[in-house]
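Structure, as structure tokens:
All values derive from a computational prediction rather than experimental measurement.
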Amino acid sequence: MTFPAFSVRLFLVSERNTMKNRMRTIEFLNVTFKIKRNPEFKGNHQLCECAHLGGNTFDLGTTEAEMIAEIEKEKPQIKVVEISKMFVDRAETWAK
């Protein structure tokens with residue numbers, strides 16, 4: 001059996017298992033905030049037109065107050081009204 005020169009490298013089963021064993025799963029909080037424009041912010045910014053801010057990740061064990069304080073410190077143009085959605089998410093990463 002011959003393969004053309006531009007073919008993708010084939011991995012042996014044992015090599016794939018070794019690669020999979022090097023991966024580890026991490027867990028984190030994925031949070032969506034309901035937001036409004038900060039009345040103290042006088043500029044014009046795209047975030048000021050949004051109602052929700054999603055895709056924010058935090059370590060497990062972070063309190064709601066810490067999350068809100070961190071987001072408001074990073075993005076002074078908004079105020080957090082409430083946390084509308086929060087769940088534990090997982091991702092695979094290379095083990096160190």
Side-chain angles (χ1 to χ4, degrees):
M1 177 184 274
T2 61
F3 293 101
F6 58 86
S7 68
V8 178
R9 181 175 182 252
L10 300 175
F11 291 101
L12 299 171
V13 173
S14 61
E15 192 173 343
R16 272 189 286 155
N17 289 340
T18 303
M19 289 170 58
K20 188 175 180 179
N21 290 340
R22 287 190 220 148
M23 298 294 285
R24 68 182 176 104
T25 302
I26 58 170
E27 292 184 339
F28 53 91
L29 292 173
N30 193 332
V31 182
T32 300
F33 296 100
K34 183 176 180 184
I35 61 172
K36 67 178 183 177
R37 182 186 175 95
N38 185 352
E40 299 170 6
F41 182 73
K42 302 298 180 197
N44 194 8
H45 197 276
Q46 186 177 4
L47 266 182
C48 297
E49 301 169 0
C50 298
H52 289 86
L53 182 63
N56 301 290
T57 58
F58 297 94
D59 293 332
L60 292 177
T62 307
T63 64
E64 291 183 12
E66 291 172 339
M67 292 179 205
I68 292 171
E70 186 175 330
I71 288 296
E72 288 181 345
K73 185 176 76 172
E74 282 181 19
K75 300 172 178 33
Q77 62 271 22
I78 62 168
K79 281 285 189 193
V80 175
V81 176
E82 65 182 15
I83 293 176
S84 59
K85 183 169 48 170
M86 178 171 40
F87 59 94
V88 175
D89 207 351
R90 293 179 186 87
E92 284 192 349
T93 183
W94 290 106
K96 292 183 179 183

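- Rounding to the nearest 0.5 Å places CD of Glu64 at 10.0 Å from CD of Glu82.
- Distance check: Thr93 OG1 to Met23 CE gives 6.5 Å after rounding to the nearest 0.5 Å.
- Considering CD of Gln77 and CG of Asn38, their distance stands at 8.5 Å, rounded to 0.5 Å.
- Phe33 has its side chain within reach of Ile68: a pair of non-hydrogen atoms, C-beta onward, lies under 4.5 Å apart.
- When all heavy atoms of Met67 and Thr62 are compared, the pair lying nearest together is CE-O, 3.2 Å.
- In terms of heavy atoms, Ile35 sits closest to Val81 at C-CG2, 4.0 Å.
- When side chains are defined from C-beta on, Glu70 counts as touching Phe58, because their heavy atoms get closer than 4.5 Å.
- Taking both residues in full, the closest heavy atoms of Val88 and Leu60 are given as CG2-CD2, 4.1 Å, listed atom of the first, atom of the second, then distance.
- Take Ala91 and apply the side chain to side chain contact (heavy atoms under 4.5 Å, CB included) test, not counting sequence neighbours, and it matches Ile26, Phe28.
- Between Leu53 and Val80 the shortest side-chain heavy-atom distance does not fall below 4.5 Å.
- Here the shortest heavy-atom pairing between Glu27 and Arg90 reads OE2-NE, 3.0 Å.
- Between atom CG of residue Asn56 and atom CG of residue Asn30 there is a gap of 7.5 Å, rounded to the nearest 0.5 Å.
- Across Ile83 and Val31, no two heavy atoms sit closer than the pair CG2-CG1, 3.7 Å.
- Distance alone, capped at 3.5 Å, places no donor-acceptor pair between the Thr32 side chain and the Ser84 backbone.
- Between Pro39 and Lys42, the shortest heavy-atom distance links the atoms O-NZ, 3.4 Å.
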